[in-house]
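Following: one structure in structure tokens, then a few remarks.
Note that the numbering runs from 1 along the sequence shown for the chain. FYI, side chains are in, hydrogens and waters are out, and symmetry mates aren't considered; it's all heavy atoms of this structure.
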Amino acid sequence: MAEFLGSTSKGTEEVATPTGPVPAWQVEMPGRNGATTLLLSKRDGIELGSRSGPFTTTPGGDCRALD
């Protein structure tokens with residue numbers, strides 16, 4: 001895995017996606033107001049989500065009903 005300035009590898013996990021689970025690295029990035037954990041695909045390095053404090057992002061969802 002590539003190194004990012006100030007980042008720390010925290011391990012791995014399976015991330016649920018609309019096409020099935022994807023193996024991901026957990027990479028902790030420091031910040032002024034606390035760390036953010038990025039979930040990066042082991043296959044192609046794309047971001048699959050993040051966690052920071054009480055906030056979480058994940059892939060998927062259906063926004064077709066929004067105008």
Side-chain angles (χ1 to χ4, degrees):
M1 184 173 84
E3 288 187 33
F4 298 95
L5 185 62
S7 68
T8 305
S9 176
K10 293 192 65 167
T12 63
E13 70 180 80
E14 294 280 317
V15 176
T17 72
T19 58
V22 175
W25 288 299
Q26 300 169 334
V27 179
E28 187 172 89
M29 300 296 292
R32 269 184 286 201
N33 298 319
T36 297
T37 300
L38 300 176
L39 303 172
L40 304 176
S41 169
K42 287 184 170 185
R43 279 189 228 148
D44 53 16
I46 64 168
E47 184 178 331
L48 298 171
S50 63
R51 290 189 289 263
S52 183
F55 304 105
T56 301
T57 62
T58 58
D62 184 351
C63 298
R64 290 178 285 183
L66 299 175
D67 290 328

For residues 31-39, dump all side-chain donor-acceptor pairs below 3.5 Å to protein atoms at least two apart in sequence or in another chain.
| from | atom 1 | to | atom 2 | distance (Å) |
| --- | --- | --- | --- | --- |
| T36 | OG1 | S52 | OG | 3.2 |

Handout entry: Residues in side-chain hydrogen bond (donor to acceptor under 3.5 Å, both in side chains) contact with T12, at least two apart in sequence or another chain
Key = none

Practice task
Can you sort out the partners of E13 under salt bridge (charged side-chain N to carboxylate O under 4.0 Å, His left out), two or more places apart, ordered by chain and number?
Solution key: R51

Practice task
Name all residues meeting the side-chain contact (heavy atoms from CB on, under 4.5 Å) criterion together with S41; count only those two or more places apart in sequence or in a different chain, and write none if there are none.
Solution key: V22, R43, D44, I46, L48

Problem - Residue list, side-chain hydrogen bond (donor to acceptor under 3.5 Å, both in side chains) with T17, at least two apart or on another chain - result: T19

Exercise for the section: With sequence neighbours excluded, tell me which residues meet salt bridge (charged side-chain N to carboxylate O under 4.0 Å, His left out) with K42. Expected result: none

